[in-house]
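Structure first, then comments.
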Amino acid sequence: MEKIKKLVARQRIEYAVFWIVAIGLAIGFELDFLPDGMYAGDVRMEYFLETAGILLAISLIPLSLKLFSMALVKRIRKYPLLKAIKLYERWSEFRLLMLAVAVLVNLTVYYLTLNNIGGLCALMGLTASFFCWPGMKRVMIELDITEA
């Protein structure tokens, strides 16, 4: 039970860092620490960046959620508890990393092109991250642990 509490605490820190980095990037662009609007008006570059952002969002967001659930069912639950906890942590980090890539790239696209498409894709990734919030009850359910 102590290992699960440590796992949840670590995952909550990682989740908070994910949000802090995303908000920090937005603040950096808003306060002109990072250059915004570099490609506003450049039709070809806007098209390329927006297409890349959309493709990242529509591939990484569902993949991150589905891949984790498939790994949970097919791999993680088959191992003894200590190994399952380590695998659960690794796959949770991988899921959050995929969401972070989609969010950060699309936030950057939004600010570089000053077009709403990147912002909407970033919001989709941030919304999907709500499904990744770690908690004791959630971890215990996902690992099929009954309270003893």
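A quick note: this is a predicted structure, and the numbers were derived from the prediction, not measured.
The salt bridge (charged side-chain N to carboxylate O under 4.0 Å, His left out) contacts involving residues 7-28 comprise Arg10-Glu14, Arg10-Glu89, Arg10-Glu93, where partners must be two or more places apart or lie in separate chains. Pairs of residues two or more places apart, or lying in two chains, that qualify as salt bridge (charged side-chain N to carboxylate O under 4.0 Å, His left out) and include a residue from residues 67-86 are Arg77-Asp144. Sorted by first then second residue, the side chain to side chain donor-acceptor pair (under 3.5 Å) pairs that include residues 58-67, not counting sequence neighbours, number zero. Screening residues 57-85 for ring-ring contact (aromatic ring centres under 6.0 Å, His included) gives Phe68-Tyr88 as the qualifying pairs, with residues at least two apart or on separate chains. Applying the side chain to side chain donor-acceptor pair (under 3.5 Å) definition to pairs two or more places apart or across chains, those involving residues 30-54 are Glu30-Tyr111, Glu50-Asn115. Residue pairs meeting the salt bridge (charged side-chain N to carboxylate O under 4.0 Å, His left out) criterion with at least one partner in residues 122-137, sequence neighbours excluded, are absent. A salt bridge (charged side-chain N to carboxylate O under 4.0 Å, His left out) check over residues 113-128, counting only residues at least two apart or in different chains, returns nothing.
Other members of the cluster containing Ile58 are Ile54, Leu55, Ile117, with ILVMFWY side chains joined at under 4.5 Å, either directly or via other members. Leu65 shares a hydrophobic cluster with Phe131; the chain of contacts runs through ILVMFWY side chains whose heavy atoms sit under 4.5 Å apart. Using a 4.5 Å cut-off between side-chain heavy atoms of Ile, Leu, Val, Met, Phe, Trp and Tyr, Ile20 forms no hydrophobic cluster with any other residue.
Side-chain contact between Trp91 and Leu72 is absent, with no heavy-atom pair separated by less than 4.5 Å. Residues Leu67 and Arg95 are not in side-chain contact: their nearest non-hydrogen atoms beyond the backbone lie 4.5 Å or more apart. Two residues are said to be in side-chain contact when any heavy atoms from C-beta on lie closer than 4.5 Å; Val103 and Phe18 meet this criterion. Contact annotation: the side chain of Leu60 never approaches that of Leu99 to less than 4.5 Å [non-hydrogen atoms, C-beta and beyond].
Linking Ile, Leu, Val, Met, Phe, Trp and Tyr whenever their side-chain heavy atoms come within less than 4.5 Å leaves Ile76 and Leu97 in two separate clusters. A single hydrophobic cluster is not seen to contain both Val73 and Leu143; linkage of ILVMFWY side chains at heavy-atom distances under 4.5 Å, directly or through other members, places them apart. Both Phe94 and Leu7 are members of a single hydrophobic cluster when ILVMFWY side chains are connected at heavy-atom separations under 4.5 Å. Hydrophobic clustering of Ile, Leu, Val, Met, Phe, Trp and Tyr side chains at less than 4.5 Å, counting indirect connections, unites Tyr110 with Leu31. When the side chains of ILVMFWY residues are joined at heavy-atom separations under 4.5 Å, either directly or via intervening members, Leu49 and Leu114 end up in two distinct hydrophobic clusters.
Ser92 meets the side-chain hydrogen bond (donor to acceptor under 3.5 Å, both in side chains) test with Gln11; sequence neighbours excluded. Among residues two or more places apart in sequence or in another chain, the side chain to side chain contact (heavy atoms under 4.5 Å, CB included) test is passed with Met38 by Pro35, Leu112.
The minimum heavy-atom distance between Ala22 and Leu126, with the atom names listed, is CB-CD2, 4.3 Å. Annotation for Ala57 and Pro62: closest pair O-CD, 3.6 Å, computed over non-hydrogen atoms. Counting all heavy atoms, side chain and backbone alike, Ile61 lies closest to Ala102 at CG1-CB, 4.3 Å. Scanning all heavy atoms of the two residues, the minimum distance from Leu25 to Leu104 falls at CD2-O, 3.7 Å. The two residues Val109 and Gly118 make their nearest non-hydrogen contact at CG1-CA, 4.3 Å.
In summary, Arg138 and Glu142 engage in a salt bridge, as defined by a charged side-chain N under 4.0 Å from a carboxylate O.
Between Tyr15 and Trp133, the two ring planes are perpendicular [angle over 60°; tilted spans 30° to 60°].
Remark: Phe29 CZ to Leu107 CG distance equals 8.0 Å, nearest 0.5 Å.
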